[in-house]
Enquirer: 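This is the structure I have questions about; it appears just below.
Order of the sequence lines fixes the chain letters, A, B, ..., with proteins taken first and strands second; residue numbering starts at 1 for each chain.
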Amino acid sequence: MQNDCEKKSKVMDLYTAVKKFIHNGDTIYLAGFTHLIPFGVAHEIIRQGIKDLILCRATPDLIYDQMIFAGCARKIIFSWSGNPGVGMLQGFRKRVEEGKLEIEEYTHFGLATRLLAGAHGMSFYPLKSIRGSDLPLYNHYIKTINCPYTGEEVTVVPALNPDVGVIHAQRADQEGNVHLWGIMGEQQEVAFASKKLIVTVEEIVDESVIRSDPNRTLIPGFLVDAVVELPWGAHPSYAQGYYDRDNAFYIKWDEISRDEEQVRQWLGEWVFGVANRQEYIQKLGAENILRLLPRNSFSNPVNFGIYL
Amino acid sequence: MQNDCEKKSKVMDLYTAVKKFIHNGDTIYLAGFTHLIPFGVAHEIIRQGIKDLILCRATPDLIYDQMIFAGCARKIIFSWSGNPGVGMLQGFRKRVEEGKLEIEEYTHFGLATRLLAGAHGMSFYPLKSIRGSDLPLYNHYIKTINCPYTGEEVTVVPALNPDVGVIHAQRADQEGNVHLWGIMGEQQEVAFASKKLIVTVEEIVDESVIRSDPNRTLIPGFLVDAVVELPWGAHPSYAQGYYDRDNAFYIKWDEISRDEEQVRQWLGEWVFGVANRQEYIQKLGAENILRLLPRNSFSNPVNFGIYL
Amino acid sequence: MSYTSAETMIAVAARSLPNHARIFVGIGLPNLAANLARKLYTPDNILIYEAGVIGAEPLRLPISIGDPCLVTGSLAVCSFHNIFANYLQRGLIDVGFLGGAQIDRYGNINTTVVGDYRNPKVRLGGSGGGCEIAIFAKKIITIIPHDLRHFPAKVDFITSPGFVGGRQNRTALKLPGGGPEKVITNLGVLEFDADGEMILTHVHPGVTVEKVRENTGWDLNVASEVKETDPPTPEELRVMREELDPDGVYLGRRKSKTA
Amino acid sequence: MSYTSAETMIAVAARSLPNHARIFVGIGLPNLAANLARKLYTPDNILIYEAGVIGAEPLRLPISIGDPCLVTGSLAVCSFHNIFANYLQRGLIDVGFLGGAQIDRYGNINTTVVGDYRNPKVRLGGSGGGCEIAIFAKKIITIIPHDLRHFPAKVDFITSPGFVGGRQNRTALKLPGGGPEKVITNLGVLEFDADGEMILTHVHPGVTVEKVRENTGWDLNVASEVKETDPPTPEELRVMREELDPDGVYLGRRKSKTA
């Protein structure tokens, strides 16, 4: 979040946004539960060679696997690691098995609760989960207290406040007021919990589009430090209403990621081999783009009324 | 909430919904922060002579003032009492000053936190507010604990789980899947926290309208026990996009409520003197209806896409 | 051009706001002052309302804190819990505007009760979000009429803590926000000294220090040099009278509003 | 009509579901079983997905737990935190469907690690929402292949607690949900006795009790009368093969999926 609301323009290109706000050693959270995963930002982080990052994400997913392979990660804070719908997350898994990657592990609800506490300005929140599992034996941030009313023992987790949060969404105005729909994941919590926030969107729209439906605004612009228009910025994941998940790539990554040499080649070609996201999309090509387009299904409008 | 999801029809008239689900002595929460206040249900509760209720509401407002005058209330759980934009809440105030009405008082955030805990199935939640105020001297449900991470003293409040929650909204389908927009208040928390839930709506719409925009659904139908189509069910408060607040009545209530006899007359005429909400609206008349209609301002639609 | 003390109070309050700030606005006088400032001095402020509305641009004067005119065309709407948790408790609010029935030398505000809580003389509205605004906003500006009723030696009930019993008290309680910064009345402007006690720094045109002291329920500290505020400018008066409150609902032609 | 043991497992799982229930559905085999049940036996069930989708009616087989086809035309979408807090922790889920890498005699499930947590032989996915489903759902049905690898005497790591060390253990921990009810494998069906220990109640057609015991890593309790499950009906097979998984992604023509 900006320290003040000064009206310096937040609209910038991807390179500038990453250069300006993400630094070696930062704790970062690239948000998006299976949907709107900010691959565009991840690839730019890799291109800029940013190191020693603490990567937080409920589902590390391909996006963190690529960053792990590229040497960006010092530690992963997570709650489920996998290639969703395909299988294991090979890079992550291999480095953890070899003892080469530090992890701090939660359940989904535990990690979501950490974010909610961070978003709400609380230092902790209680939840009734995790008890009975073995996780607290290996993660000493997971503690217990007694409910001051019932005496019942409950789990507590500390707030998570990343240095930088990254969100990809369907649309925002130039100030970063974000409309996001479909699976909402943890994006709002990440936006409020993070100290700085980068938003990439399929489209920058006029403020009037946002103001036509304030209930749709998931993130207010004053939390946002950088707004980047980045069509297809979530590929190979998807953007509801804009494009489908490129499942062929998810399956292909399962093969690529079993072999360090293939990964090196893939990063060379698709990340280092392109200067920016536009070149990536060019390289992806018209056929792939067309293959992933959905047909239209629009929401029924609602009336806000004009009150004079 | 229904104990099971059995498909008995939930659509019923106002009389039946109140008769079936609200009983003497219940703890009830009629939701709506200045917006969508369920006056229709309140008047039916008064007509049915239901007594000894514990009335919970952040802002007791005219709706509870009328119920207090009518003798429905045993106790009020609240965080601000007033006639919003006009002044004091005379019936509430007088009975409290005379020691005739039990109160349990919070700050807005304290009460909202009680509801959130109730909605989340937690027995309590912490917050950093209330400390430094005198409220904990008079409300022993407000306690403190120390944060297990920072050691800092924080306030805690217990969950609130009303016996019955009541929501008025713009539209729902026959199962009670609710679309609600404009000021969202505490409706979602009340819906999840309450043991039974009555929903009244401006319009019952086809399920396809709800399914066209699942992100707009604030309350899933399976929480709902009764769905009542009740146009103008929030008058004299308002429904965003449907009608404006009838401010003339809010000002008039300030006068009426200073005099028990005038209140008796008003209740006789506008509550006991009408059999149901339809008669109330009839009595309100075309001129008042037209006076309160806004002009249209529709939201920009969003595309969910069809994925085959 | 003639003007009322209420108009002076609003104009001075408007000038006290920083630009590029997030302002948590109560309805009534704070709303007038914040919107006057936005039109003339602080176009980049974002106004946030307790009902969960962010960046409102109402086409009429809002009647209550939850007026539908605040919602249509606003930037964002959030739930009742979120406005307190995500905005106030998270520390995102730069300035909170408060009113009140009583304020004491440490800036503590009472909006709960006159007399004893359990045996009240006058039962008032209660906290609403007032306590939260006082605890969490980076600074608090209070707008309140100046007389012995509103300025007692000790408030009957602390609804919204200022410095409690002094600045070290608030620090010890670890209240996240900065506490009271200014109190703007129909007589002048008061700030808070190193101990967190109110000190008169400005009087409005034509008001004497003595008059302020007579209307304050304790032995009021006075700055070594008390300045005089500038009277409302014609432009300020025009915006207040023609654009913001054309019916005079808040500026004296009708009884002032609370919510 | 020939059928595979995976098809039997899905059909038996589908028949085990109550109607008028809220089912928390994992992708893959649980999704197939829940949708098979919904089409043939339990039309009034509401399917709830971890990604925050309620009442999904997908037009294709969802590829992952967050597939866009689950969202379009669903009844409601909620945030990641809300699906756990408002739905699971609040006690609204009747049946949770789980899979796993290991399950032990008390229904504890491991999806975290094979070997030592700090020195893993195989690092698995971790809990995701599995732990929450196991703790909060009113009952748990697990679908898991039956062999010594999946049925060890003791799981290497309790990711999702069943009865922990026995039914009294779960009670003492005050876990809100009812715990494991059934385990459905490619060999048969297991339930839990008064002590919370697994007991074989059914075998699938052609499977012997001895074969089940040989494929279980402890001395398995067996019901006094072990029944035989009914084989998949032609209608069940038709729906599975033609409507739910026409490409055979989950039913054996490709390696089965996890998410």
Side-chain angles (χ1 to χ4, degrees), chain A residues 32-35 58-59 78-89 92-97 99 103 105-113 115-116 127-135 137-138 152-153 181-189 237-241 244-245 247 250 294 297, chain D residues 27-28 50-53 62-73 77-85 88-89 108 110-112 117-132 134-136 155 157-162 164 169-170 173-176 255 257-259:
Chain A
F33 188 82
T34 70
H35 177 212
T59 54
F78 78 108
S79 47
W80 186 78
S81 74
N83 179 334
V86 177
M88 305 254 212
L89 202 57
F92 171 88
R93 171 195 168 182
K94 195 174 159 201
R95 275 159 183 72
V96 172
E97 289 170 7
I103 59 172
E105 183 167 4
Y106 296 88
T107 64
H108 270 352
F109 190 24
L111 189 58
T113 302
L115 281 173
L116 193 73
L127 69 161
K128 292 189 175 180
S129 187
I130 311 187
R131 287 178 299 166
S133 89
D134 284 343
L135 263 183
L137 301 175
Y138 302 98
E152 186 192 356
E153 188 175 281
W181 60 96
I183 290 168
M184 299 191 292
E186 75 290 62
Q187 274 99 337
Q188 189 175 50
E189 288 78 8
S237 85
Y238 73 99
Q240 189 85 39
D244 199 353
R245 174 167 123 157
N247 200 48
Y250 276 69
S297 174
Chain D
I27 222 65
E50 185 174 272
V53 182
I63 291 163
S64 90
I65 208 166
D67 195 296
C69 74
L70 292 169
V71 170
T72 305
V77 173
C78 73
S79 77
F80 187 57
H81 185 272
N82 278 0
I83 200 75
F84 295 106
L88 274 162
Q89 188 171 259
N108 302 304
N110 174 18
T111 56
T112 300
Y117 184 81
R118 292 212 178 85
N119 186 18
K121 206 182 306 177
V122 185
R123 172 66 222 198
L124 306 169
S127 165
C131 180
E132 279 77 35
I135 285 177
F136 295 118
V155 292
F157 188 99
I158 299 183
T159 310
S160 305
V164 192
N169 239 228
R170 186 174 174 108
L173 279 165
K174 296 193 176 158
L175 302 186
K255 194 172 61 158
K257 300 286 144 197
T258 58

Enquirer: Please classify the contact between A:L137 and chain D as side chain, backbone, both or neither, with a heavy-atom cut-off of under 4.5 Å.
Expert: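 Only the backbone of A:L137 comes within 4.5 Å of chain D.
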Enquirer: Checking heavy atoms, do the side chain of D:Q89, its backbone, both or neither come under 4.5 Å from chain A?
Expert: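 For D:Q89, the side chain is the part near chain A, not the backbone.
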Enquirer: Check whether D:P176 gets within reach of chain A through its side chain, its backbone, both or neither, counting any heavy atom under 4.5 Å.
Expert: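 Just its side chain gets close to chain A.
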Enquirer: Given that the side chain runs from C-beta out, which part of D:F136 has a heavy atom under 4.5 Å from chain A: side chain, backbone, both or neither?
Expert: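 Contact with chain A: side chain only.
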Enquirer: Measure D:L124 against the heavy atoms of chain A and call it side chain, backbone, both or neither at under 4.5 Å.
Expert: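 Both the backbone and the side chain of D:L124 come within 4.5 Å of chain A.
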Enquirer: If you count heavy-atom pairs under 4.5 Å between each of D:G73, D:G52, D:A51, D:G126 and chain A, which one has the most?
Expert: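 Most heavy-atom pairs within the cutoff with chain A belong to D:A51.
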Enquirer: What part of D:V53 gets within 4.5 angstrom of chain A, counting heavy atoms only: side chain, backbone, both, or neither?
Expert: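 Side chain of D:V53 only, per the 4.5 Å heavy-atom cut-off to chain A.
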Enquirer: Please rank D:G128, D:G66, D:S127 by heavy-atom pairs under 4.5 Å with chain A and give me the top one.
Expert: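 With the most close heavy-atom pairs to chain A, the winner is D:G128.
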Enquirer: Tell me, for D:A85 versus chain A, whether the close heavy atoms (under 4.5 Å) come from the side chain, the backbone, both or neither.
Expert: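 Both parts, heavy atoms under 4.5 Å.
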Enquirer: Where on A:S237 is there a heavy atom nearer than 4.5 Å to chain D: the side chain, the backbone, both, or neither?
Expert: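 Neither part; nothing is under 4.5 Å.
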Enquirer: Which bit of D:S79 is near chain A, if near means a heavy-atom gap under 4.5 Å: side chain, backbone, both or neither?
Expert: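 Looking at D:S79, backbone and side chain both touch chain A.
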Enquirer: Please name all residues satisfying side chain to side chain donor-acceptor pair (under 3.5 Å) with D:Y117, sequence neighbours left out, ordered by chain then number.
Expert: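 Only A:E105 meet the side chain to side chain donor-acceptor pair (under 3.5 Å) criterion with D:Y117.
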Enquirer: Would you please name every residue forming a ring pair (Phe, Tyr, Trp, His ring centres under 6.0 Å) with A:H35, sequence neighbours left out?
Expert: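 Only A:Y238 meet the ring pair (Phe, Tyr, Trp, His ring centres under 6.0 Å) criterion with A:H35.
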Enquirer: What part of D:V122 gets within 4.5 angstrom of chain A, counting heavy atoms only: side chain, backbone, both, or neither?
Expert: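 Contact with chain A is through both the backbone and side chain of D:V122.
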Enquirer: Name the region of A:E152, side chain, backbone, both or neither, that has any atom closer than 4.5 Å to a heavy atom of chain D.
Expert: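 Contact with chain D: side chain only.
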Enquirer: Given that the side chain runs from C-beta out, which part of D:T112 has a heavy atom under 4.5 Å from chain A: side chain, backbone, both or neither?
Expert: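 Only the side chain of D:T112 comes within 4.5 Å of chain A.
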Enquirer: Taking the side chain from D:T72 and the backbone from D:C69, do they hold a donor-acceptor pair closer than 3.5 Å?
Expert: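 Side chain of D:T72 to backbone of D:C69, a donor-acceptor pair under 3.5 Å: no, none is there.
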Enquirer: Which answer fits A:Y250, side chain, backbone, both or neither, if we ask what part of it has an atom under 4.5 Å from a heavy atom of chain D?
Expert: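 The answer is neither part of A:Y250.
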Enquirer: Measuring only between side-chain heavy atoms, which start at C-beta, is D:P68 closer than 4.5 Å to A:D244?
Expert: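 Yes; the side chains approach each other to less than 4.5 Å.
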Enquirer: Which region of A:F109, side chain (C-beta onward) or backbone (N, CA, C, O), has a non-hydrogen atom less than 4.5 Å from a non-hydrogen atom of chain D, or is it both or neither?
Expert: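 It is both, since atoms from each part get that close.
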Enquirer: At a 4.5 Å cut-off on heavy atoms, which part of A:L89 comes close to chain D: side chain, backbone, both, or neither?
Expert: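 The answer is neither part of A:L89.
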